[in-house]
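Worksheet: the structure to be examined is printed underneath.
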Amino acid sequence: VQLQASGGGLVQPGGSLRLSCQASGSIFKINDMNWYRQALGKQRELVATITSGGSTNYTDFVEGRFTISRDNAKNTVYLQMNDLTSEDTAVYYCKADVLFVQGIGVRRDNYWGRGTLVTVSS
């Protein structure tokens with residue numbers, strides 16, 4: 001199973017970006033999908049979570065500005081980021097709780113994408 005994140009880049013304060021993260025491989029089902037971020041010199045922190053049923057949860061610092069969504073048919077999670085500030089500058093990582101096929105059975109594990117850099121600067 002692999003997760004491929006994309007959509008990062010340079011944006012001005014107040015601007016928007018949409019991140020995508022697609023999972024591929026012998027996937028049986030994906031449970032929770034998350035976005036994390038890690039700014040330079042800081043620990044990685046949870047940004048948002050979406051369950052397989054579409055329930056969402058956000059950390060306080062993005063509530064009302066970011067929206068997490070997913071397309072289960074495409075094994076893809078999105079993060080729409082609006083009203084960006086310099087404080088949002090970080091590498092953004094996706095994570096997925098995946099049930100995957102191995103041999104004749106199904107196993108479960110967490111997988112991370114490589115990260116995509118978001119830079120908010122004028």
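Excluded from the calculations below are hydrogen atoms, water molecules and symmetry mates; all remaining heavy atoms, backbone and side chain alike, are included. Sequential numbering from 1 along the given sequence is applied to the chain's residues. Just so it is clear, the model here is predicted, and its values are computed rather than measured.
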Revision key, fill the gap. The remaining residues in the hydrophobic cluster of Leu117, counting side-chain heavy-atom contacts under 4.5 Å among Ile, Leu, Val, Met, Phe, Trp and Tyr, are Tyr36, Leu46, Val91, Tyr93, Trp112
Practice item. Please report the closest heavy-atom contact between Ser121 and Pro13, naming both atoms and the distance. Key: C-CD, 3.6 Å
Point to revise | Fellow cluster residues of Leu99, listed by chain then number, with links counted only when side-chain atoms sit under 4.5 Å apart | key: Phe28, Val101, Val106
Practice item. Would you mind reporting whether Ser6 and Thr116 have side-chain heavy atoms less than 4.5 Å apart? Key: no
Point to revise | ring-ring contact (aromatic ring centres under 6.0 Å, His included) partners for Tyr111, two or more places apart | key: Phe100
Revision key, fill the gap. Side chain to side chain contact (heavy atoms under 4.5 Å, CB included) filter on Ser24, not counting sequence neighbours, yields Gln2
Review point. Among pairs that include at least one residue of residues 52-86, which meet disulfide (SG to SG under 2.5 Å), considering only residues two or more places apart or in two chains?
Key: none
Review point. Same hydrophobic cluster for Val118 and Tyr78, using side-chain heavy-atom links shorter than 4.5 Å among ILVMFWY?
Key: no
Check your understanding: Rounded to the nearest 0.5 Å, how far does OG of Ser122 lie from CG of Leu10?
Key -> 9.5 Å
Study note, to complete from the structure: Residues at least two apart in sequence or cross-chain that pass side-chain hydrogen bond (donor to acceptor under 3.5 Å, both in side chains) with Glu45, listed by chain then number, are Arg37
Review point. Mind checking what makes side-chain hydrogen bond (donor to acceptor under 3.5 Å, both in side chains) contact with Thr49, not counting sequence neighbours?
Key: Asn34
Exercise for review: Give the intermediate values and the outcome of side-chain contact (heavy atoms from CB on, under 4.5 Å) for residues Leu79 and Phe66.
Suggested key: CA-CA 7 Å; Leu79 186 67; Phe66 291 10; 4.1 Å; yes
Review point. Do Tyr92 and Met81 have side chains that get closer than 4.5 Å, going by heavy atoms?
Key: yes
Would you be so kind as to tabulate the donor-acceptor pairs closer than 3.5 Å made by side chains of residues 67-75, with sequence neighbours excluded?
from, atom 1, to, atom 2, distance (Å)
Arg70, NE, Asn72, OD1, 2.6
Arg70, NH1, Asn31, O, 2.8
Arg70, NH1, Ile50, O, 3.3
Arg70, NH1, Thr51, O, 3.0
Arg70, NH2, Ile30, O, 3.0
Arg70, NH2, Asn31, O, 3.3
Arg70, NH2, Asn72, OD1, 3.2
Asp71, OD1, Ala73, N, 3.1
Asp71, OD1, Lys74, N, 3.3
Asn72, ND2, Ser52, O, 3.3

**Study point:** Pairing residues for Arg108 by the side-chain hydrogen bond (donor to acceptor under 3.5 Å, both in side chains) criterion, not counting sequence neighbours
**Key:** Asp97
**Study point:** Side-chain heavy-atom pair Val77, Leu3 within 4.5 angstrom cut-off
**Key:** no
Check your understanding: More than 12 non-hydrogen atoms from neighbouring residues, nucleotides or ligands closer than 6.0 Å to CD on Gln38, yes or no?
Key -> yes
Revision key, fill the gap. Students should find that the hydrophobic cluster of Leu40, defined by side-chain heavy atoms under 4.5 Å apart, otherwise consists of none
Exercise for review: Hey, could you give me each pair passing disulfide (SG to SG under 2.5 Å) that has a residue in residues 1-118? Not counting sequence neighbours.
Suggested key: Cys21-Cys94
Check your understanding: Which pairs count as side-chain hydrogen bond (donor to acceptor under 3.5 Å, both in side chains) when at least one residue sits in residues 10-20, sequence neighbours excluded?
Key -> Ser16-Asn82
Review point. What is the distance from atom CG of Asp83 to atom CG of Asp88, rounded to the nearest 0.5 Å?
Key: 8.5 Å
